[in-house]
Amino acid sequence: TPTPTLAWFHFAHGIAQYPLPDESYAALARLEPAAARARAAANRVLGLAEALHKVPFTRALARAARATGGDASFYPRTWCLPHQASLMRAAHREAMGAAALPPGSDDDESEDGGAAVCPRLRPWYIFKPDRGSEGELIRLASEPPRPGERLSATKQVAPGEEHAPRWVAQEYCKAPATLGGRKFDLRLYVLVTASDPPRAYLCREGLSRFATVPYEPPRHANAGEVC
């Protein structure tokens with residue numbers, strides 16, 4: 001017999017997993033959870049999708065690091081906006097002070113006529129909407145939001161946040177890993193079967209994505225070229 005595929009069905013008390021024939025997901029809508037609950041298998045922690053949006057994930061990671069004394073340095077310095085905008089502006093002023101150069105320096109990178117700064121030390125930030133996907137509205141900037149500046153809402157903005165959508169701003173990595181001069185990312189799949197002792201399995205297959213153009217360090221002339 002053919003190997004059945006797995007499909008998901010959402011119901012009031014959680015998410016169940018059902019073995020189904022290879023049919024469209026429309027068939028799921030006709031299933032009654034009560035009729036199939038006896039053969040359903042719990043698969044997912046409720047609320048996990050919400051927890052993995054960028055803002056709640058950043059907050060959860062920070063709380064975990066504080067509670068356990070763990071090292072979260074693998075995660076870039078991040079501010080949740082708009083609530084931490086003033087903290088970001090304070091950190092930016094400190095970073096710009098560290099990057100300042102004497103007037104008339106040959107290393108001056110002040111393209112906009114501002115204060116002279118060392119190009120290697122100038123801070124850059126990447127802004128990402130909390131619920132964005134597929135690169136929607138992601139942008140680079142060399143400054144934090146101005147007081148009162150409203151960030152744009154995405155297509156997936158949460159109810160009640162239309163007038164103050166949530167974003168994260170992260171320090172942009174100045175020396176990213178590249179392959180053939182191009183930025184890339186990897187999407188790998190892990191199955192965790194136990195936590196004490198920890199046990200996990202890594203799928204042999206995964207996804208890789210590459211930038212369409214070679215990487216260049218950010219500067220004002222190319223800050224809008226997000227690809």
Side-chain angles (χ1 to χ4, degrees), residues 45 47-66 70-96 99 121-179 181-190 206-227:
V45 177
L48 186 62
E50 173 62 27
L52 292 182
H53 289 311
K54 299 175 184 68
V55 168
F57 177 79
T58 297
R59 292 173 174 168
L61 186 62
R63 285 195 299 268
R66 289 195 300 268
D71 181 11
S73 60
F74 64 90
Y75 196 64
R77 190 178 185 184
T78 305
W79 297 270
C80 299
L81 304 176
H83 300 95
Q84 294 183 323
S86 60
L87 295 177
M88 183 182 179
R89 285 191 286 269
H92 177 72
R93 288 192 295 268
E94 181 179 343
M96 288 296 287
L121 299 178
R122 171 187 283 276
W124 281 87
Y125 309 99
I126 184 167
F127 290 77
K128 306 174 185 178
D130 177 41
R131 292 171 175 253
S133 61
E134 301 177 356
E136 181 188 11
L137 296 182
I138 288 179
R139 63 184 177 90
L140 295 180
S142 61
E143 295 181 350
R146 297 182 299 276
E149 180 179 351
R150 180 182 178 275
L151 297 172
S152 301
T154 66
K155 293 177 292 186
Q156 302 182 51
V157 65
E161 295 180 8
E162 294 84 359
H163 300 294
R166 300 193 301 180
W167 286 61
V168 295
Q170 297 177 308
E171 288 184 337
Y172 193 66
C173 180
K174 294 182 173 64
T178 61
L179 282 176
R182 298 172 187 266
K183 290 182 68 176
F184 68 97
D185 68 11
L186 303 175
R187 182 171 295 181
L188 306 177
Y189 300 91
V190 176
L207 299 176
S208 59
R209 300 179 296 182
F210 291 82
T212 57
V213 296
Y215 173 74
E216 294 182 0
R219 59 185 190 277
H220 290 100
N222 67 2
E225 299 174 4
V226 180
C227 63

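Residues: numbered from 1 along the sequence shown. Just so it is clear, the structure is predicted and the values come from calculations on it, not from any experiment.
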Got [X] and [Y] here, is their nearest side-chain heavy-atom distance under 4.5 Å?
{"X": "L61", "Y": "F74", "answer": "yes"}
{"X": "R219", "Y": "R122", "answer": "no"}
{"X": "M96", "Y": "P123", "answer": "yes"}
{"X": "D130", "Y": "P56", "answer": "yes"}
{"X": "L81", "Y": "F127", "answer": "yes"}

Quick check for you: to the nearest 0.5 Å, what is the distance between [X] atom [atom1] and [Y] atom [atom2]?
{"X": "H83", "Y": "M88", "atom1": "NE2", "atom2": "CE", "answer": "15.5 Å"}
{"X": "Y215", "Y": "K183", "atom1": "OH", "atom2": "NZ", "answer": "6.0 Å"}
{"X": "R166", "Y": "R131", "atom1": "CZ", "atom2": "CZ", "answer": "7.0 Å"}
{"X": "I138", "Y": "W167", "atom1": "CD1", "atom2": "CH2", "answer": "8.5 Å"}
{"X": "T78", "Y": "E171", "atom1": "OG1", "atom2": "CD", "answer": "8.5 Å"}

Exactly one of Y75, W124, Y125 clears side-chain contact (heavy atoms from CB on, under 4.5 Å) with Q170, and that residue is Y75
- What residue among S142, P218, P76 forms side-chain contact (heavy atoms from CB on, under 4.5 Å) with Y172?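 Filter result, single survivor: P218.
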Looking only at heavy atoms, the pair that brings R89 and P144 closest together is CG-CG, 3.6 Å
- Which atom of A223 lies closest to which atom of L140, heavy atoms considered: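 Of all heavy-atom pairs spanning A223 and L140, the closest is O-CB, 3.8 Å.
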